[in-house]
There are 2 protein chains.
Amino acid sequence: MASPEKSNCELPSAANEAEDAPGELERITRQPISTVLIIIAMQTEAIPLVHKFQLSEDTDGLFPKGVPWVRYHGKYKDLNINLVWAGKDSLFGVDSVGTVSASLVTYASIQALKPELVINAGTAGGFKAKGASIGDVYLASDVAFHDRRIPIPVFDQYGIGARRSFCTPNLLKEVNLKFGRLSTGDSLDMSPQDEGAILGNDAVIKDMEGAAIAYVADLLSVPTIFIKAVTDIIDGEKPTAEEFLQNLVAVTANLDQSVTQVIYFINGRCLSDL
Amino acid sequence: MASPEKSNCELPSAANEAEDAPGELERITRQPISTVLIIIAMQTEAIPLVHKFQLSEDTDGLFPKGVPWVRYHGKYKDLNINLVWAGKDSLFGVDSVGTVSASLVTYASIQALKPELVINAGTAGGFKAKGASIGDVYLASDVAFHDRRIPIPVFDQYGIGARRSFCTPNLLKEVNLKFGRLSTGDSLDMSPQDEGAILGNDAVIKDMEGAAIAYVADLLSVPTIFIKAVTDIIDGEKPTAEEFLQNLVAVTANLDQSVTQVIYFINGRCLSDL
């Protein structure tokens with residue numbers, strides 16, 4: 001792992017909210033990243049990272065009463081790490097997966113923590129026809145939705161909601177990640193309509209949160225990257241749910257190793273160094 | 001229209017956050033509703049109500065920079081009315097429809113405005129086989145999602161996310177509304193998988209926001225009702241998008257008339273009087 005090189009950063013286009021605030025602009029462009037926000041939907045994905053970075057659970061009531069979101073925080077060298085897990089649904093007791101929960105968690109966490117970078121980490125399905133294998137970890141180049149069909153001109157594009165993720169060429173060179181497009185929908189399975197839209201999005205991986213997190217982070221002008229580990233092959237023989245559950249724990253080890261490498265790389269660097 | 005009868009209210013089950021705060025409990029149970037929040041996705045649906053109640057656009061920066069949400073506010077007699085329209089998407093310029101935007105708007109508005117009641121008003125598709133006709137206005141008895149298929153035990157029920165809306169038997173008697181189940185998804189069209197799930201939800205109407213708003217309001221323990229006017233017949237001959245656009249303005253007049261009657265009814269009443 002190369003040492004961080006201290007350089008003057010250029011403002012990334014996504015960090016454009018700083019345009020009206022010269023002090024904030026200065027801080028973002030000239031200083032290393034001080035605060036990252038890691039958004040994770042499932043406890044199984046979150047806990048190894050909590051242990052790895054010795055993060056503490058927040059008891060300050062950062063979020064309003066009633067929401068299940070759990071914030072863990074700590075430091076790695078100079079970097080403030082916030083990991084927010086979407087928590088267990090209070091009615092059903094399962095992880096709060098999907099776009100609605102992810103968008104709320106992202107919104108509330110960005111508002112409360114003002115991170116310079118959001119990292120959405122999680123598991124995904126992969127298409128073997130596009131080169132994905134179980135255990136691969138991807139950095140998403142682009143994200144889009146595949147289950148928001150609104151067949152009215154312009155609304156159709158809003159529904160797809162395609163966005164580029166924050167450009168991190170140095171990170172991609174340094175950390176051993178595959179690179180490809182991510183498509184998001186609220187179902188674990190894939191209907192024929194979903195499949196057509198995923199092909200339309202030219203996606204190699206499929207998750208249940210990414211494009212929603214991108215939407216919120218874009219609204220609030222926070223650069224965001226997506227790290228997704230492949231638990232199941234969508235165009236394979238096995239039923240998705242079975243394969244997902246079978247591989248979840250093992251694949252999560254790969255995911256957490258990659259997120260750890262990404263955190264090591266980010267420490268000491270400013271946004272344009274990524 | 002009957003005059004509001006001033007009675008001692010009983011605590012609705014949804015307002016259970018007050019359990020730990022006797023002062024708040026007292027306020028909710030003994031006093032008429034002081035603040036309502038109307039959540040609307042489309043400008044066409046919102047503007048007639050803004051004019052009807054002479055609401056003013058908020059310029060206080062209630063919401064963070066970058067979000068397109070627009071708050072209008074004013075009073076009807078003793079009732080503080082907040083109408084929040086989800087606004088035009090900054091990238092595509094179309095109304096910010098769908099569950100992600102609706103959930104964010106609802107969360108941020110409840111946090112900022114602390115309403116005692118949320119009203120989600122909008123248009124919907126209707127099933128003629130279940131008795132719906134163009135122009136009908138429904139009060140939803142229940143809401144659920146039809147496009148969140150997660151075929152893992154318990155996760156499947158979380159995905160469907162069925163919730164009862166706040167029970168308002170007196171409102172239903174007083175205002176001329178039909179009554180039935182609402183199913184929510186992020187597509188204007190309906191895939192065979194959606195159709196199966198909508199039938200599973202026993203829904204008579206279909207929208208793109210309701211169940212997401214119910215999820216958020218439930219997290220934050222705010223009673224919520226859903227008023228939906230039928231713009232298109234899902235099980236009819238015409239393509240949904242065409243029929244929706246053709247009927248949007250005319251049906252919105254019915255919607256706004258019903259919302260107006262509901263506001264008249266709410267004024268002076270407490271939650272358990274509804």
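Below, read A as the first sequence line, B as the second, and so on, with proteins coming before strands; counting in each chain starts at 1.
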Subject >> Side-chain heavy atoms of B:Val100 within contact of A:Arg148, under 4.5 Å >> reply: yes
Original post:
Looking at A:Arg149 and B:Asp194, does any basic side-chain N land under 4.0 Å from a carboxylate oxygen?
Top reply: yes
Subject >> Under 3.5 Å: donor-acceptor pair, side chain of A:Ser103, backbone of B:Ser103 >> reply: no
Subject >> Heavy-atom proximity to chain A below 4.5 Å, by part of B:Thr106 >> reply: neither
Subject >> Portion of A:Ile150 that has a non-hydrogen atom of chain B nearer than 4.5 angstrom >> reply: both
Subject >> Non-hydrogen side-chain atoms of A:Ser221 and B:Lys65 separated by less than 4.5 Å >> reply: no
Subject >> Shortest non-hydrogen separation from A:Ser187 to B:Asp147 and the atoms involved >> reply: OG-O, 3.2 Å
Original post:
Side chain, backbone, both or neither: which part of A:Tyr215 has a non-hydrogen atom closer than 4.5 Å to chain B?
Top reply: side chain
Original post:
Can you tell which of A:Asp189, A:Val154, A:Ile152, A:Leu91 has the highest number of heavy-atom pairs within less than 4.5 Å of chain B?
Top reply: A:Asp189
Original post:
Is B:Leu220 close to A:Pro64 at the side-chain level, that is, under 4.5 Å between some pair of heavy atoms?
Top reply: yes
Subject >> A:Glu242 versus chain B, the contacting section by heavy-atom distance below 4.5 Å >> reply: neither
Original post:
Highest number of heavy-atom pairs under 4.5 Å with chain B: which of A:Phe244, A:Trp69, A:Phe145?
Top reply: A:Trp69
Original post:
CG of A:Asp95 to OH of B:Tyr158: how many Å apart, nearest 0.5 Å?
Top reply: 9.0 Å
**OP:** Name the region of A:Gln157, side chain, backbone, both or neither, that has any atom closer than 4.5 Å to a heavy atom of chain B.
**Re:** both
Original post:
So, does A:Tyr107 use its side chain to make a donor-acceptor pair with the main chain of B:Tyr107 at under 3.5 Å?
Top reply: no
Original post:
Between B:Leu245, B:Thr240, B:Val97, which shows the greatest number of heavy-atom pairs under 4.5 Å with chain A?
Top reply: B:Val97
Subject >> Counterpart residues, salt bridge (Lys or Arg N to Asp or Glu O under 4.0 Å), relative to A:Asp89 (two or more places apart) >> reply: none
